[in-house]
Amino acid sequence: MKTARPKSPRTPHKAPRPSSQPTSTKSSDKTKLWGGRFQGKTDALVESFTASIGFDCRLYEYDIEGSIAHCKTLQRAKVLTTRESQTIIKGLYRIREAIRAGNHQWKIEDEDVHMSIERQLTQLIGPLGGKLHTGRSRNDQITLDLRLFLRDALQHFQRDLCRLQQSLVALAERYKDVMMPGYTHLQRAQPVLFSHHALAYVEMLERDKGRLSDALVRIDVMPLGSGALAGTNYAIDRQYTANLLKFPKISQNSLDAVSDRDYVIEVLSGCAILMMHLSRLSEELILWSSQEFQFVDLPDGFCTGSSMMPQKKNPDIPELIRGKTGRVYGHLFSLLTTVKGLPLSYNRDLQEDKEPLFDTIDTTTTSVKIYAELLAQLTVRPEPMNKAVSEGFLLATELADYLVKRGVPFRESHHIVGSLVRECLIKGKDLRDLTQQDLFKASSSFDSKAFQVLTPEAAINQKNIVGGTATTQVASQIKAWEKALRAKPNSSTKKKRTS
Ligand code: ARG
């Protein structure tokens with residue numbers, strides 16, 4: 001007998017998970033809820049091949065919630081008497097308690113979560129249990145379960161993403177005045193504040209949150225009443241079911257309702273984009289923690305050593321998150337491919353939506369949570385960053401802009417400073433080592449004040465424009481994010497200032 005572990009009621013979208021694969025006991029077709037039409041016994045290999053119970057058992061909370069609402073709707077339509085409906089609902093509560101406590105048997109021969117619960121109900125309350133499925137099909141039931149699951153999972157996800165943003169903002173605040181080279185083409189380009197760089201990821205995550213909460217609008221549609229594909233013969237009040245389950249809308253086309261999974265694909269796509277962002281962050285952390293950069297120290301608790309080389313401290317967490325990004329992309333493509341050739345309406349292929357979805361939610365959630373912690377403990381090393389800022393002609397553009405302010409066309413000033421850089425390279429000097437005479441020789445528009453722009457601080461603070469890296473700009477961004485993220489997690493987009 002295999003049982004499910006108890007689960008935390010605070011995160012119902014998480015797997016109850018049978019402690020191992022569900023058991024298979026001897027079965028004949030008569031044991032199947034759909035067995036009436038069959039004479040031959042289901043092949044054992046087919047039984048385990050078709051079963052989804054090993055993974056869809058994690059939908060049990062939603063399946064039961066949906067069944068309770070369906071039962072109340074049947075009662076309202078007088079398909080069930082009050083007493084019948086009460087008995088069924090009590091039975092469902094008991095099953096829910098048993099699953100939560102790990103006392104439910106998940107059996108392969110039950111095929112999926114829906115039939116496992118229905119069979120258990122009939123065992124508990126007798127043939128009356130068989131009335132629950134009136135006017136319903138597993139085809140509308142499964143898409144309801146998925147919608148309820150996603151609604152829940154995405155709400156938790158918004159909170160986790162918000163925490164990750166808070167870690168990044170706190171990191172920016174902790175090291176707000178540290179300068180680093182900004183890069184293009186991975187070549188040192190212009191000085192920026194480290195805090196500005198950290199906040200770039202906060203922006204990306206805000207858009208990720210936005211994408212996932214947009215998806216929620218399309219997830220929040222109640223499909224029950226669609227039946228197997230055509231609707232149902234019973235005059236059930238679908239709006240009533242929707243109200244019970246807190247859905248703002250009901251689906252308007254039964255064929256579409258049972259056959260589409262675009263809302264799952266949207267979530268997979270939103271998660272793939274989010275993982276792409278985390279993967280870029282990973283790449284930077286891996287580079288920055290290398291001997292070559294030495295910009296950051298990853299916390300020991302988030303690194304591992306080498307079994308052979310005693311000196312090694314490896315950035316496994318960023319590497320794994322970068323690696324798992326490929327896996328999440330794969331899930332997106334797997335479902336897009338599964339659905340692309342399906343004629344309307346429901347096809348069994350659609351059962352293949354769950355494993356990619358669950359693994360995507362689990363992988364992405366863990367990656368987000370782990371980064372929220374890692375970044376809270378990240379050490380930034382200002383000296384190597386400062387050293388990198390002072391080498392490599394990062395201030396050449398400042399000098400060119402200085403000439404522009406004195407009336408020289410930018411193309412010309414670009415050329416003048418380019419030749420100064422070339423001269424410095426030949427002589428093994430930096431722009432700051434040039435004399436006033438060197439400058440004057442290159443352009444008569446230079447004067448003694450030109451050297452004042454040749455500091456990284458000046459270069460940074462010149463970028464005093466919304467979105468720029470100047471200290472005051474970044475400080476006000478930090479403040480705005482702190483305020484926005486203190487508000488409700490998914491309202492930060494609205495609350496964020498527009499200045
Ligand atoms: N396990 C199925 C799925 O995930 C549930 C619906 C099955 N419907 C059916 N007619 N076989 O899609």
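In each ligand, atom 1 is the first atom listed, and ligand 1 is the first ligand listed. Start at 1 with the first residue, then count along the sequence.
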Summary of salt bridge (Lys or Arg N to Asp or Glu O under 4.0 Å) pairs that have at least one residue in residues 314-323, sequence neighbours excluded: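 For residues 314-323, and leaving out neighbouring residues, the salt bridge (Lys or Arg N to Asp or Glu O under 4.0 Å) pairs sorted by first residue read Glu283-Arg322.
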Contact list for residues 245-257, test side-chain hydrogen bond (donor to acceptor under 3.5 Å, both in side chains), sequence neighbours left out: Arg238-Ser251
side-chain hydrogen bond (donor to acceptor under 3.5 Å, both in side chains) contacts in which one or both residues fall within residues 215-233, not counting sequence neighbours: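 Residue pairs passing side-chain hydrogen bond (donor to acceptor under 3.5 Å, both in side chains), neighbours aside: Arg151-Asp220, Arg218-Glu266.
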Shortest non-hydrogen contact between Leu199 and Val169, atoms and distance: CD2-CG2, 4.2 Å
Ring-face cation of Arg58 near Phe358 (centre distance under 6.0 Å, axis angle within 45°): yes
Every residue of the protein that comes under 4.0 Å of ligand 1, judged on heavy atoms: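 Around ligand 1, where the cutoff is 4.0 Å for heavy atoms, the contacting residues are Ser52, Asp112, His114, Arg138, Asn139, Ile142, Tyr346, Arg348, Gln351, Lys354.
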Atom NZ of Lys354 with >12 non-hydrogen neighbours under 6.0 angstrom: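 Yes - once you tally the heavy atoms of other residues, nucleotides and ligands closer than 6.0 Å, there are more than 12.
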